Amino acid sequence: MTNHYLTELDLTPEQTRALLQSAIALKEERNRGVRREDLAGRHVALYFEKPSVRTRVSFTVGVQELGGQVVELAAANTKLGQGEEVADFARVMGRYVHALVARVFDQRRLEVMAKHAGIPVVNALSDTRHPAQALADAQTILERKGRIEGLRFTFVGDGNNVAASSGLLFAALGADVRIASPLGYELSDDIRRLGEDLAGRFEQVEDVDEAVRGADVLYTDTWVSMGQEEQRMERLSKFRAYSINAETLAKAAPDCAVMHCLPAVPGDEITTDVMYGSQSAIWDQAENRLHAQKALLCYLLQS
Ligand code: CP
Ligand code: NVA
């Protein structure tokens with residue numbers, strides 16, 4: 001059976017913990033200038049239906065640092081779903097490359113790819129999940145706090161892809177997870193059901209103050225995700241009380257780490273003083289995309 005990474009729960013907590021240790025080791029090696037050849041002779045295709053900076057660059061650099069090569073495809077240069085079946089695309093990619101990393105709107109499209117490609121498929125963000133981001137987030141907190149189990153992880157804002165994946169992964173690793181969202185913007189029932197079976201607590205709440213009190217990790221994401229641009233005005237009015245600012249941070253634990261997957265709109269979901277302040281883990285998070293994804297590709301492509 002081919003290994004895929006379509007959701008953050010595709011690896012067991014034990015596998016995830018081992019992968020995070022491997023990401024930390026790869027980061028140390030890179031800082032020492034060690035060269036690796038894990039993906040020598042291998043090609044990885046990157047397919048994007050939405051814009052990307054971090055995911056595109058971190059996967060590209062990661063593959064190349066492991067000795068492999070990247071082929072990038074923008075959806076506009078394909079006929080996927082509009083003249084070519086997704087399954088056929090996947091079948092053909094499996095004949096050319098050794099792994100497929102795809103950013104899509106519909107998570108089900110990734111499942112079709114995984115079913116037919118015969119090579120590992122990695123979710124580079126969908127409308128409902130962002131598991132590659134969640135891995136980097138877990139690495140960042142493990143580095144800062146030495147553990148994830150027992151920490152209070154609070155997400156404030158849109159109950160969307162990032163809240164779902166990072167929340168579920170932290171809960172799977174034993175954290176006490178709360179997602180505070182305005183009415184109508186909570187996590188889906190599917191995600192909430194998944195959260196019920198995990199090692200840690202996983203709870204959707206509406207009250208920000210209650211969720212933030214004593215938090216070890218405070219996370220937020222944009223209020224207007226890719227594909228939701230026409231909802232901008234409505235969303236801004238609903239989310240106003242869910243901005244992370246100095247007052248919010250003061251209610252959290254004194255050494256609370258502030259997280260944001262980026263791209264951010266400073267002044268909306270997070271104020272500039274907090275985003276660029278001493279408790280921000282945001283830049284390490286962005287960097288760790290590189291290390292965590294290298295560890296993931298090594299794991300999925302190990303021969
Ligand atoms: N965080 C993240 O996935 O960033 P990009 O959309 O720039 O890839
Ligand atoms: N929720 C955001 C995350 C971007 C990395 C979006 O889907 O646009």
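First listed ligand is number 1; within each ligand, the first listed atom is number 1. It should be emphasised that the depicted structure is a prediction, and the values quoted were computed from it without experimental measurement.
The aromatic rings of Phe239 and Trp223 lie parallel to each other, with less than 30° between the two planes, well short of the 60° mark.
Counting heavy atoms closer than 4.0 Å to ligand 2, residue Leu125 contributes side-chain atoms (C-beta onward) but none from N, CA, C or O. The proximity of Leu125 to ligand 1, defined as any non-hydrogen pair under 4.0 Å, does not occur for either the backbone or the side chain.
Here the options are Lys27, Arg36, Arg30, the test is salt bridge (Lys or Arg N to Asp or Glu O under 4.0 Å), and the partner is Glu65; only Arg30 passes.
Listed by number with element, the atoms of ligand 1 under 4.0 angstrom from any heavy atom of Cys261 are 1 (N). Residue-ligand proximity, Leu262 to ligand 2, at heavy-atom distances under 4.0 Å covers atoms 5 (C). Residue contact check: Asp221 has heavy atoms under 4.0 Å from atoms 1 (N), 2 (C), 3 (C) of ligand 2. Near Val53, the atoms of ligand 1 lying under 4.0 angstrom from a non-hydrogen atom of the residue are 5 (P), 7 (O), 8 (O). Distances below 4.0 Å separate heavy atoms of His130 from the following atoms of ligand 1: 2 (C), 3 (O). For ligand 2, the atoms closer than 4.0 angstrom to any heavy atom of Asn160 are 1 (N). Each of the atoms 1 (N), 2 (C) of ligand 1 lies under 4.0 Å from some heavy atom of Gln133.
At the shortest separation from atom 2 (C) of ligand 2 among protein heavy atoms lies Ser225 OG, 3.3 Å. Of the protein's non-hydrogen atoms, the one nearest atom 7 (O) of ligand 2 is Asn161 ND2, 2.8 Å. When hydrogens are left out, the protein atom nearest atom 6 (O) of ligand 1 is Arg103 NH1, 2.8 Å; that is the closest non-hydrogen contact. What sits closest to atom 4 (O) of ligand 1 on the protein, heavy atoms only, is Arg54 NE, 2.8 Å. Nearest to atom 8 (O) of ligand 2 among the protein's heavy atoms is Met226 N, 2.8 Å. For atom 2 (C) of ligand 1, the nearest non-hydrogen atom of the protein is Arg289 NH1, 3.3 Å.
Note on ligand 1: Lys50 sits outside its first shell, no heavy atom being nearer than 4.0 Å. Within the 4.0 Å heavy-atom cutoff, Thr55 does not count among the residues contacting ligand 2.
The shortest N/O to N/O separation between Arg56 and ligand 1 does not fall below 3.5 Å. Any N or O atom pair closer than 3.5 Å counts here, and Pro263 shares no such pair with ligand 1. Note: no N/O pair closer than 3.5 Å links Arg103 and ligand 2 by distance alone.
Between Leu187 and Phe202 there is a side-chain heavy-atom pair separated by less than 4.5 Å. For the pair Val205 and Asp207, the minimum side-chain heavy-atom distance is 4.5 Å or more. A heavy-atom distance below 4.5 Å is found between the side chains of Leu262 and Trp283. Between Lys50 and Asp127, the closest side-chain pair of non-hydrogen atoms falls below 4.5 Å.
In this structure, the ring of Tyr242 has its center no less than 6.0 angstrom from the ring center of Tyr185.
For Ala45 against Val97, the heavy-atom pair with the smallest separation is CB-CG2, 4.0 Å.
At a threshold of 4.0 Å, the pair Arg129-Glu8 counts as salt-bridged, since one of the basic side-chain nitrogens sits closer than that to a carboxylate oxygen.
Remark: the backbone N or O of Lys79 is not paired with any side-chain donor or acceptor of Gln82 at under 3.5 angstrom. Remark: the backbone N or O of Ser52 is paired with a side-chain donor or acceptor of Arg56 at under 3.5 angstrom.
Transitive grouping of hydrophobic side chains (ILVMFWY, heavy atoms separated by less than 4.5 Å) keeps Leu6 and Leu198 in distinct clusters.
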